[in-house]
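A quick write-up on the structure given underneath.
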Amino acid sequence: MALLEKFRRVDEARQALARTGADPFRVTFERVLSPTEAVVNGRRMILAGTNNYLGLTFDPECVEAAAKAVREYGTGTTGSRMANGSFNGHLLLERELADFYGRRWCVVFSTGYLANLGMISVLTGPGDVILIDTDCHASIYDGCRMTAAEVIRFRHNDVGDLDKRLKRLGERRVNTLIIAESVYSMLGDLAPLAEIVALKRKHGAFLLLDEAHSLGLLGTRGRGLSEEVGVEDEVDFIVGTFSKSLGATGGFCVSDHDEMELTRYASRPYIFSASPCPSVIASTRAALRILHSRPELRAQLWSSARGLYGRLRDMEFSLGPEPSPIIAVLFDRTEEVIAFWNGLFERGVYVNMILPPAAPNGASLLRCSVSTAHTPDQIQQIAEAFASVKASVPSSPAADV
Ligand SMILES: Cc1ncc(COP(=O)(O)O)c(C=O)c1O
C-alpha cells in the first residue's frame, strides 16, 4: 500500500460523518462569550463539553495575570528549559504545586499529554513492568509505547484482576509501575483507589495516578481523589493537567521520591519540547490560588453535576455508572448518537460526540462536562434540550456500563 493510501479510509469515515451534518472537526468557536457560552458555527451555544470545570478561563485574576505576564515576559519561551533555561514563573509554579500537594518535588510539562509521556518513559525501561487499567487515557498508552518495559493491562477498575497479575509477576513486582486514573475521562467513573493502594503496598510496586479530571474537583483542598480517599502518601507519582479545572494548558507531576528531580535530565518529552509560555504559567498560578481559596466552587460544581445527572437519569437515559462532572450518555448505535448530537447542536447545546474506538468497550456516547459557571438556568436548558431531542429521535437505550 502506498504511503498515503491509508488516509482513504479516514476520508471515507470523515465524509460519512459530514453527510450526517455532524462533523465535530468543523466546529468553530467564532466568539467565546463566557466559560459556558460561545458563538459556534454562527450560532449562540451553551457549552457543555469543555472540561472547564471551575469556569476559570474568564476569571479576572487569571486573565489579568496572563496579560501582565505577556507584557513583562513576551508571548512565548521559544525553547525548552534544558536548552534555553527556565523563566521565574516555571520555578515558582513548580514550588507552588509541590506545596499545594505537600510534596517535595514537582516537574512542569508543556501539556498533560506530555506529562504522561515524560513520566512513563523516564520511570520505566527494559526489565520493568507497567500494569495499566484498560480504560486509561491515550496519553498513558502512548507513554507506554515510548518504553521498553513490558506493558500488561488489567480489567477496568477490577482490583481482583490487578492482584492476580501482580502475583504472577513474582520478584518483578518491585519493578512494576501501576497506572490508573482518578476520574475516568469518558464515563466519569472513579477508581477504587483505596484498594489499588492496598495492593501496591502489599506487592511492593509503585503507583502513578493521573488526576487530570479530579484536580479541583475532589478532596477538601481540591487535590483530587487521593486526598478525598486519604491515601495521598501512598501514591508515588501524581500527574495532572492545567487544561481542565485550571483553565489553561500544561501538565505536571509531583512526588516525594528524590529521583523525581533527576527525571528532568532524562525525560525526552520534557527536554525536547518548548516550555509553557509565560501567560499560561501566570494564569495557572492564579487559578491554583483560586482553587485553594474558594472551595465553594467545588461544592457548586458537584451540586450542578448531580442535578443534571439526576435529570437525565429520570428521563431514562443510559448514563455512566455514577454522578460526576463528566456525564456520559450512552447509545447503542452510532447513527443514534450522531442524530442526538445534531439535535442538541440545533437546540444550542454543545457536547462532545465520542465515537468508537475512543470510548471504552467501543461505546458511542455523548460526553457532557459540567462547570461551576453553568447557571441553574443553563443546566435546565441543557436538560430540556436532551428531553426535546429524545422526543424527536427514535431511540434504543444502551445497556448500563
Ligand atoms: C486522563 C487524562 N490525562 C491526560 C490528558 C492530557 O491532558 P492535556 O490536555 O493537558 O494534554 C487528558 C486530556 O484529555 C486526560 O483526560
- Considering only NZ, NE, NH1 and NH2 on the basic side and carboxylate oxygens on the acidic side, decide whether Arg313 and Glu316 come within less than 4.0 Å. no
- Item | Beyond-backbone contact of His257 with Phe237, side-chain heavy atoms, under 4.5 angstrom | yes
- Note on the structure: Closest non-hydrogen atoms of Met186 and Ile354, given as atom of the first, atom of the second and distance, are SD-CG2, 3.7 Å
- Pick from Leu225, Leu291, Thr241: which one makes a side-chain contact (heavy atoms from CB on, under 4.5 Å) with Leu215? Leu291
- Measuring from Asp258:CG to Met260:CE, what's the distance to the nearest 0.5 Å? 11.5 Å
- Task: Measure centre to centre between the rings of Tyr309 and Phe317, then say whether the value is under 6.0 Å.
- Result: no
- If you measure from the Lys or Arg side-chain nitrogens to the Asp or Glu carboxylate oxygens, is any gap between Asp133 and Arg155 under 4.0 Å? no
- Item | Glu232 backbone acceptor or donor facing Ser226 side chain under 3.5 Å | no
- Does one side chain, of Arg81 or Ser86, offer a donor that lies under 3.5 Å from an acceptor on the other? yes
- Heavy-atom side-chain contact between Glu211 and Arg223 under 4.5 Å: no
- Test item: Leu199 and Lys202 side chains (from C-beta on) under 4.5 Å apart, heavy atoms: yes
- Query: Would you say the ring centroid of His137 lies under 6.0 angstrom from that of Tyr184?
  - Reply: no
- Derivation of the side-chain contact (heavy atoms from CB on, under 4.5 Å) call for Ile130 and Ile152: CA-CA 6 Å; Ile130 299 174; Ile152 303 170; over 6 Å; no
- Task: Check the pair Arg311, Gln380 against side-chain hydrogen bond (donor to acceptor under 3.5 Å, both in side chains), reporting the backbone distance first and the verdict last.
- Result: CA-CA 9 Å; Arg311 295 281 304 270; Gln380 169 87 356; 2.9 Å; yes
- Would you please indicate if the ring centroids of Phe331 and Phe340 are separated by under 6.0 Å? yes
- Message: Show the nearest heavy-atom pair for residues Pro35 and Gly55, with the distance to one decimal.
- Response: CG-O, 3.4 Å
- Message: Do Leu218 and Arg298 make a side-chain contact, defined as non-hydrogen atoms from C-beta onward lying under 4.5 Å apart?
- Response: no
- Answer whether the closest heavy-atom distance between the side chains of His374 and Asp377 falls below 4.5 Å. no
- Task: Examine distances only and state if a side-chain atom of Ser369 and a backbone atom of Asn51 form a donor-acceptor pair shorter than 3.5 Å.
- Result: yes
- Task: Examine distances only and state if a side-chain atom of Ser214 and a backbone atom of Leu217 form a donor-acceptor pair shorter than 3.5 Å.
- Result: no
- Query: Is there a donor-acceptor pair under 3.5 Å between the side chain of Thr50 and the backbone N or O of Leu47?
  - Reply: no
- Message: I'd like to know if Asp128 pairs up with Arg172 as an ion pair, taking the criterion as any Lys NZ or Arg NE/NH1/NH2 lying under 4.0 Å from an Asp or Glu carboxylate oxygen.
- Response: no
- Query: Just wondering, more than 12 heavy atoms not from Glu171 lying within 6.0 Å of its CD?
  - Reply: no
- Item | Distance-only side-chain donor-acceptor flag, Ser364 / Arg333, under 3.5 Å | no
- Item | Atom CZ of Arg153: over 12 foreign heavy atoms under 6.0 Å | no
- Are any side-chain N or O atoms of Thr20 and backbone N or O atoms of Leu17, one a donor and one an acceptor, separated by less than 3.5 Å? yes
- Message: For Phe252 together with Tyr101, are the ring centres under 6.0 Å from each other?
- Response: yes
- Query: Under the 3.5 angstrom rule, does the side chain of Glu227 hit a backbone N or O of Arg221 as a donor-acceptor pair?
  - Reply: yes
- Query: Side chain of Trp341, backbone of Leu366: donor and acceptor closer than 3.5 Å?
  - Reply: no
- What pair of heavy atoms forms the shortest contact from Leu56 to Asn52, and how long is it? N-OD1, 3.4 Å
- d(Ile140 CD1, Ile179 CD1) to nearest 0.5 Å is 6.0 Å
- Applying side-chain hydrogen bond (donor to acceptor under 3.5 Å, both in side chains), run through Tyr141 and Asn116 and close with a yes or a no. CA-CA 9 Å; Tyr141 275 97; Asn116 274 327; over 6 Å; no
- Can you tell me how far CZ of Arg145 sits from CD1 of Ile120, rounded to the nearest 0.5 angstrom? 12.5 Å
- Compare all side-chain heavy atoms of Leu208 with those of Ile178 and state whether any distance is below 4.5 angstrom. no
- Ion pair Asp11/Arg14, N-O distance below 4.0 Å: yes
- Student check: side-chain heavy atoms of Val370 and Ile379 closer than 4.5 Å: yes
- Message: Can you confirm whether Leu93 sits close enough to Leu97 that some side-chain heavy atom of one is under 4.5 Å from a side-chain heavy atom of the other?
- Response: yes
- Would you please say whether a donor-acceptor pair under 3.5 Å links the side chains of Thr147 and Thr124? yes
- For Ser255 and Asp236, indicate whether the former's side chain and the latter's backbone hold a donor-acceptor pair under 3.5 Å. yes
- Any donor-acceptor pair under 3.5 Å linking the side chain of Thr134 with the backbone of Phe154? yes
- Query: If we ignore angles and hydrogens, is there a donor and acceptor under 3.5 Å between the side chains of Ser371 and Thr36?
  - Reply: no
- Task: Decide yes or no on side-chain hydrogen bond (donor to acceptor under 3.5 Å, both in side chains) for Thr263 and Glu259, but give the supporting numbers first.
- Result: CA-CA 7 Å; Thr263 61; Glu259 291 78 3; over 6 Å; no
- Message: Tell me whether the count of non-hydrogen atoms from other residues, nucleotides or ligands lying under 6.0 Å of CZ in Arg95 goes above 12.
- Response: yes
- Query: Counting N and O atoms only, with roles assigned by atom type, does the side chain of Glu94 sit under 3.5 Å from a partner on the main chain of Val108, one being a donor and the other an acceptor?
  - Reply: yes
- Item | His292 side, atom NE2; Asp99 side, atom CG - distance, nearest 0.5 Å | 9.5 Å
- Message: Any carboxylate oxygen within less than 4.0 angstrom of a Lys/Arg side-chain nitrogen, looking at Lys164 and Asp161?
- Response: yes
- If you look at every heavy atom in Ala248 and Ser283, which pair is closest and at what distance? CB-OG, 3.8 Å
- Item | Candidate pair His156 and Asp189, rule side-chain hydrogen bond (donor to acceptor under 3.5 Å, both in side chains), full reasoning | CA-CA 10 Å; His156 177 54; Asp189 50 335; 2.6 Å; yes
- Query: Does Lys68 pair with Glu72 as a salt bridge, N-O distance under 4.0 Å?
  - Reply: yes
- Task: Calculate, to the nearest 0.5 Å, the distance between atoms CG and CE belonging to Leu117 and Met146 respectively.
- Result: 5.0 Å
- Task: For ring pair (Phe, Tyr, Trp, His ring centres under 6.0 Å), just list the numbers for Phe109 and Phe242, CA-CA rounded to whole Å, side-chain angles, deciding distance to a tenth of an Å, and then say yes or no.
- Result: CA-CA 10 Å; Phe109 293 83; Phe242 307 153; over 10 Å; no
- Item | Where Val159 and Pro192 come nearest, the two heavy atoms and their spacing | CG1-CG, 4.0 Å
- Decide yes or no on side-chain contact (heavy atoms from CB on, under 4.5 Å) for Leu131 and Leu162, but give the supporting numbers first. CA-CA 8 Å; Leu131 273 170; Leu162 175 61; 3.8 Å; yes
- Closest approach of Asn84 and Gly79, non-hydrogen atoms and distance? ND2-CA, 3.3 Å
- Hey, what do you get for CG (Leu330) to CZ (Arg367), rounding to the nearest 0.5 Å? 12.5 Å
- For the pair Glu384 and Lys390, find out whether any cationic side-chain nitrogen is under 4.0 Å from an anionic carboxylate oxygen. no
